[in-house]
Participant: 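Have a look at this one before I ask anything.
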Amino acid sequence: MITTEATKAAPAPAHAAPAAPRPTKRRRAWDEAPRWQIYLPLGIYLVFTLIPFYWILLFALRPAGSTSLVPWPMTFVHFEKVWTDRSFGTFFYNSVLVGVATLIMTTLVALAGGYALARFDFKIKRAFMLGLLCSQFVPGALLLVPLFEIFAGLQMINSLGSVIIAETVFQLPLSMILISNFIKNVPYSLEEAAWVDGCNRMTSFRIVVLPLLRPGLIAVGSFAFVHSWNHFLFALMFLNNQEKQTIPVGLNTLMSADSVDLGALAAGGIIAAVPVVIVFAFIQKWLITGFSAGAVKG
């Protein structure tokens, strides 16, 4: 019998190592749960969330005096009424001005303060951070009297500037803490490399650090904008003239002790909610990324 080298079987070693066991996929607890245990709570939560929004749309779009559960025939009389007769166009403009100005001022000041907290060490740093954290436990209503006295002394009562400053001061502590965490996640060696290449601190911050902070800045800015858009107390206390009031105060004027115009109130609520929904629809990716990055210390 003729055998070739290709057909010869290699002799088995005397003590062959056993084959490694094939790794098995570890099953997680939620993989074994039935689908209905996941979708049922989500469905209940969705129903309780969407019913109030549908109810607002129903009152805003159906004619006055109608009891139909379907907004048909639809009417936009309530929107025209609140926009023109109740000066919601002016309220909307004032709210946009306050929200954008608060966003810009809060972001700029928090960016400077957050960089100082992240990159510099000073004696009262821990005490300062503790003060920022403790300030979050102070209700905004407790600040009304001292802020009113300060703005009255500065002759800023009935001015949008007073509301913008108050909203910025109220948003700064949390914004500075978040921004400092974002900056800590940026390696300090990147700035040092820029310094070696001839950049000063400001230039290295603008070229190296600032582009990496985009998700964090969007998260902080959007949070400041939404809070100033929805805040009621500061605008109510510091603004007396109707031409200076914002949307939350305008919504309050639609309710009286004797009667409430539900159609106009629902239309005003939709006008107040639509800009915020549009903003979050465009920045949701950056918002989630920014908050997740700020929550993890690098």
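Predicted, not measured: the structure shown is a model, and the values here were computed from it. These values consider heavy atoms only, across backbone and side chains, with no hydrogens, waters or symmetry-generated copies.
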Participant: Quick check on Y93: does its OH atom have over 12 non-hydrogen neighbours (other residues, nucleotides or ligands) under 6.0 Å away?
Facilitator: no

Participant: Consider only side-chain heavy atoms of I, L, V, M, F, W and Y, link residues closer than 4.5 Å, and tell whether V109 and L143 are in one cluster.
Facilitator: no

Participant: After noting the C-alpha distance and the side-chain angles of M237 and F232, does the key distance pass the side chain to side chain contact (heavy atoms under 4.5 Å, CB included) rule?
Facilitator: CA-CA 9 Å; M237 291 297 298; F232 173 75; over 6 Å; no

Participant: Measuring from atom CZ of R35 to atom CG of L40, what distance do you get when rounded to the nearest 0.5 angstrom?
Facilitator: 14.5 Å

Participant: Establish whether V163 and V276 are linked, either directly or via other cluster members, by ILVMFWY side-chain heavy-atom contacts under 4.5 Å.
Facilitator: no

Participant: For T75 and V77, which heavy atoms make the closest approach, and how far apart are they?
Facilitator: OG1-CG2, 2.9 Å

Participant: Would a single hydrophobic cluster contain both I177 and V138, if residues Ile, Leu, Val, Met, Phe, Trp and Tyr are joined by side-chain heavy-atom contacts under 4.5 Å?
Facilitator: no

Participant: Is the closest side-chain heavy-atom distance between L213 and L111 below 4.5 Å?
Facilitator: yes

Participant: Could you see if I150 belongs to whatever hydrophobic cluster contains I165? Use Ile, Leu, Val, Met, Phe, Trp, Tyr and a side-chain cutoff under 4.5 Å.
Facilitator: yes

Participant: Under 4.5 Å between side-chain heavy atoms, hopping through other hydrophobics if needed: is there a path connecting F170 to L133?
Facilitator: no

Participant: Step by step, work out the side chain to side chain contact (heavy atoms under 4.5 Å, CB included) result for L160 and L97.
Facilitator: CA-CA 8 Å; L160 292 178; L97 184 61; 3.5 Å; yes

Participant: Quick check on L142: does its CG atom have over 12 non-hydrogen neighbours (other residues, nucleotides or ligands) under 6.0 Å away?
Facilitator: yes

Participant: Could you tell me whether Q136 atom CD has more than 12 heavy atoms of other residues or ligands within 6.0 Å of it?
Facilitator: yes

Participant: Would R201 count as a cation-pi partner of F205, with NZ or CZ less than 6.0 Å from the six-membered ring centre and within 45° of the ring normal?
Facilitator: no

Participant: At their closest point, which heavy atom of C199 faces which heavy atom of S204, and how far apart are they?
Facilitator: CB-N, 4.1 Å

Participant: So, do F182 and V220 sit near enough that their side-chain heavy atoms are less than 4.5 Å apart?
Facilitator: yes

Participant: What are the two closest heavy atoms between K184 and R119, and how far apart are they?
Facilitator: CA-NH1, 4.3 Å

Participant: Backbone N or O of A219 within a donor-acceptor pair of the S222 side chain at under 3.5 Å?
Facilitator: yes

Participant: Could you grab the distance from atom CD of E149 to atom CG of L154, nearest 0.5 Å is fine?
Facilitator: 11.5 Å

Participant: Hey, mind stepping through V82 and H78 against side chain to side chain contact (heavy atoms under 4.5 Å, CB included) and telling me if it holds?
Facilitator: CA-CA 6 Å; V82 298; H78 301 303; 5.7 Å; no

Participant: Evaluate whether atom CZ of F122 has more than 12 neighbouring non-hydrogen atoms of other residues, nucleotides or ligands under 6.0 angstrom away.
Facilitator: yes

Participant: Is the shortest side-chain heavy-atom distance between F223 and S175 below 4.5 Å?
Facilitator: no

Participant: What verdict does the side chain to side chain contact (heavy atoms under 4.5 Å, CB included) test give for F234 and L144, after you've listed the backbone C-alpha separation in whole Å, the side-chain angles of each residue and the deciding distance to 0.1 Å?
Facilitator: CA-CA 7 Å; F234 291 157; L144 291 178; 3.5 Å; yes

Participant: Is there side-chain contact between V209 and L190, with at least one heavy-atom pair below 4.5 Å?
Facilitator: no

Participant: Kindly compute the distance separating CZ (F53) from CG (L50), expressed to the nearest 0.5 Å.
Facilitator: 7.5 Å

Participant: Taking all atoms of both residues into account, what is the closest heavy-atom pair of W229 and P275, and its distance?
Facilitator: CZ2-CG, 3.8 Å

Participant: Roughly how far, to the nearest 0.5 Å, is the CG atom of L174 from the CG atom of L132?
Facilitator: 9.5 Å

Participant: How close do V208 and A194 get, heavy atom to heavy atom, and via which atoms?
Facilitator: CG2-CB, 4.0 Å

Participant: For I270 and A60, work out which heavy atoms get closest and say how close.
Facilitator: CD1-CB, 3.6 Å

Participant: For residues 240-252, dump all side-chain donor-acceptor pairs below 3.5 Å to protein atoms at least two apart in sequence or in another chain.
Facilitator:
from	atom 1	to	atom 2	distance (Å)
N241	OD1	E243	N	3.3

Participant: Is the gap between the ring centers of W195 and Y188 under 6.0 Å?
Facilitator: yes

Participant: Hey, could you give me the CH2/CG distance between W55 and L262, rounded to the nearest 0.5 Å?
Facilitator: 10.5 Å

Participant: Is there a side-chain contact between Q171 and M105 (heavy atoms, below 4.5 Å)?
Facilitator: no

Participant: Are more than 12 heavy atoms, taken from residues, nucleotides or ligands other than Y54, located less than 6.0 Å from that residue's OH atom?
Facilitator: yes

Participant: Take the angle between the ring planes of F76 and F79 and call it parallel below 30°, perpendicular above 60°, tilted in between.
Facilitator: tilted

Participant: With the side chain counted from C-beta on, respond yes when F238 and L147 share a heavy-atom pair under 4.5 Å apart, and no when they do not.
Facilitator: yes

Participant: Between CG of L172 and OG1 of T107, what distance do you get to the nearest 0.5 Å?
Facilitator: 9.5 Å

Participant: Decide yes or no for L254 and R86: does some side-chain heavy atom of the first lie under 4.5 Å from some side-chain heavy atom of the second?
Facilitator: yes

Participant: Does the side chain of I179 reach to within under 4.5 Å of the side chain of Y115, using non-hydrogen atoms?
Facilitator: no

Participant: Walk me through it: do W83 and F91 pass the test ring-ring contact (aromatic ring centres under 6.0 Å, His included)?
Facilitator: CA-CA 9 Å; W83 191 263; F91 299 156; 9.9 Å; no

